[in-house]
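Only one structure is covered here, and it is reproduced in the block below.
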Amino acid sequence: MKTQYDVVIVGGAVIGSAVAYFLMANPDFNGSVLVVERDPTYAKASTSLSAASIRTQFSNAINVKISQFGYQFIKNFPDLMQVGDDKPDLNFHSGGYLYLAGTPEQEQILRESHEVQRACGADTVLWDQNQLAAAFPHLNVADIRLASYGQSGEGWFNNTGIMSGFRNKARALGAEVISDEVTAIGRTGDAVTSVTLKSGATIQAGTVVNASGPRAALTARMAGLDIPVEPRKRTLFVFDCAKSPEGSATVNQGRLPLMIDPSGVFCRPEGRFFLTGAVPVADPAVDWDDFEPRYEEFEDIIWPALANRAQGFEAIKVVNQWAGHYDFNTLDHNLIVGRHPQVRNFVFANGFSGHGLQQGPAAGRAVSELIIYGSYRTLDLSEVGYERIVENRPFLEKAVI
């Protein structure tokens, strides 16, 4: 480890590793990169505990385009991340997403969002009740007004695989990754100058990137800055099903999609099991070290919704559960990517609110462009920059789960 780097990235999970990769892979960048990760096991990282899915079914064009790039990047991941003979396979399952609308308000959101998605070239379709029942005969559709289904470009993949792929390739290209913790950030006027590590070292930094997930606010405060990001707990459950409906679909070779019920409960296949979760009724900020699952959510919220939606989900049994953290943006539940307007060499890549894995490739590329060129060269993410935080101007997204 040197005493000075052009870029120091605080956080080495999927976002930090993606930033490091896109910097090192760009021939226009000839600087040095240090990634500092406090937990070398990544056991409690949001990346590791995520459901690891990607969708184009958003209501805002920027989010649609971010996911379209992410999908293409994931498709080409083995070749892009190859190191020696190792070509990491993310085991992508192209199951698609299925949104179900049960109220007039939900129906309107699906219709409006569909127009945005189609304008961006997303492969989504709207189905009425009969079309939905024909595609997925296992579903109870009596209370469904409209469905939105992603025919391609959506699915789920290996969460730690994408993080490891980015990290290993960045290292192979010359980035340094260390296990340590940033405890202080030096600042002189409108510029950050250094980071101090728990091990005692002080590293001079040309640019500091905040990629510290749910701890983003703690990192920002070290530089005398604020960001409205806090840890929100999400519990995921894996369940076995006595009579699994997997394979019963009349589309996509029988495979079931990731279904979002009108209640907000989601469910998707997970090997021979199913993975499910829901937004908690009470959703407070939690301690950064609180990873105790909310066991009651399954009986109180999830199982009643699933049993109502499909007869096959009446007899199910939980076989595993865990809790992870969203890096929750309390302003508008959307990513915050970009420079601080005054402290220009402090860059945010935070607040993904559960979408970090699918948005990681585009966010990593965007941050690298800001650092290398001073502006965006591909997808313009100005609308999700830090300026909206200062101005209290939410970037609204209706399709949030």
Side-chain angles (χ1 to χ4, degrees), residues 46 48-55 57 93 95-103 105-106 109-110 132 136-145 147-150 154-156 159 231-249 255-286 290-326 328 333 353-355 357 399-401:
S46 295
S48 304
L49 302 172
S50 165
S53 305
I54 186 167
R55 60 184 165 105
Q57 292 186 66
H93 293 267
Y97 269 65
L98 177 69
Y99 273 87
L100 303 180
T103 67
E105 293 77 16
Q106 291 175 339
I109 289 173
L110 288 192
L132 175 63
F136 302 112
H138 72 291
L139 293 179
N140 168 21
V141 303
D143 60 337
I144 301 302
R145 300 174 62 93
S148 177
Y149 176 59
E154 299 183 327
W156 47 95
N159 50 3
R232 298 281 185 93
K233 187 158 59 176
R234 294 292 183 270
T235 303
L236 295 177
F237 299 88
V238 177
F239 67 85
D240 198 0
C241 187
K243 295 182 179 180
S244 174
E246 177 68 312
S248 66
R255 291 176 294 193
L256 298 185
L258 190 155
M259 178 193 71
I260 300 96
D261 190 73
S263 64
V265 171
F266 75 85
C267 173
R268 69 162 169 82
E270 178 73 2
R272 61 176 290 262
F273 301 112
F274 287 85
L275 179 73
T276 186
V279 177
V281 175
D283 191 21
V286 297
D290 178 6
F291 290 92
E292 182 68 17
R294 294 192 178 107
Y295 301 97
E296 70 279 2
E297 288 179 6
F298 187 83
E299 293 293 336
D300 294 348
I301 303 173
I302 295 171
W303 180 77
L306 293 180
N308 174 69
R309 189 56 52 209
Q311 185 177 2
F313 290 150
E314 292 179 358
I316 57 179
K317 177 183 178 181
V318 174
V319 297
N320 194 16
Q321 64 274 305
W322 65 88
H325 289 171
Y326 275 11
F328 196 82
H333 315 171
S353 304
H355 302 137
L357 277 168
V400 172
I401 58 172

Donor-acceptor under 3.5 Å (Thr235 side chain, Arg294 main chain): yes

Spacing of CG belonging to Leu306 relative to OG1 belonging to Thr276, to within rounding of 0.5 Å: 4.5 Å

Ser53 to Trp156 - nearest heavy-atom pair and separation: OG-CB, 3.7 Å

Gap separating the CD1 atom of Ile302 from the CD atom of Glu296, nearest 0.5 angstrom: 10.0 Å

Qualifying residue, where the test is side-chain contact (heavy atoms from CB on, under 4.5 Å) with Leu100 and the options are Asp143, Leu132, Val141: Leu132

Close side-chain approach of Phe298 and Pro293, heavy atoms under 4.5 Å: no

Side-chain heavy-atom pair Pro245, Leu256 within 4.5 angstrom cut-off: yes

Euclidean distance, Ile260 CD1 relative to Arg55 CZ, rounded to 0.5 Å: 6.5 Å

Side-chain (Arg309) to main-chain (Asn140) donor-acceptor, under 3.5 angstrom: yes

CZ on Arg232 to NE2 on His333, rounded to 0.5 Å: 6.5 Å

Min side-chain heavy-atom separation Glu297-Pro280 under 4.5 Å: yes

Lys NZ or Arg CZ of Arg234 over Tyr326 ring: under 6.0 Å, within 45°: yes

Gly312 versus Cys241, closest heavy-atom pair with distance: O-SG, 2.9 Å

Side-chain donor/acceptor of Glu154 to backbone N/O of Gln57, under 3.5 Å: yes

Salt bridge (Lys or Arg N to Asp or Glu O under 4.0 Å) pairs, two or more places apart, involving residues 310-320: none

Minimal non-hydrogen separation, His138 against Ser248, with atom names: ND1-OG, 4.0 Å

From CA spacing to verdict: side-chain contact (heavy atoms from CB on, under 4.5 Å), Trp303, Val318: CA-CA 10 Å; Trp303 180 77; Val318 174; over 6 Å; no

Whether Glu246 side chain and Pro269 backbone form a donor-acceptor pair below 3.5 Å: no

Ring pair (Phe, Tyr, Trp, His ring centres under 6.0 Å) partner of Tyr149, the single match among Tyr97, Tyr99, Phe136: Phe136

Geometric class of the Phe239/Phe313 ring pair [parallel <30°, tilted 30-60°, perpendicular >60°]: perpendicular

Closest contact, heavy atoms only, Leu357 versus Ser50: CD1-OG, 3.2 Å

Set of side chain to side chain contact (heavy atoms under 4.5 Å, CB included) partners for Leu49, sequence neighbours left out: Phe291, Trp322

Leu139 vs Met259 side-chain heavy atoms within contact, under 4.5 Å: yes

For the student: nearest non-hydrogen atoms of Leu236 and Ala51, plus distance: CD1-N, 3.9 Å

Closest approach of His325 to Ser46 (non-hydrogen atoms, all atoms of both residues): O-OG, 2.6 Å

Test side-chain contact (heavy atoms from CB on, under 4.5 Å) applied to Arg272 and Asp240, step by step: CA-CA 8 Å; Arg272 61 176 290 262; Asp240 198 0; 3.5 Å; yes

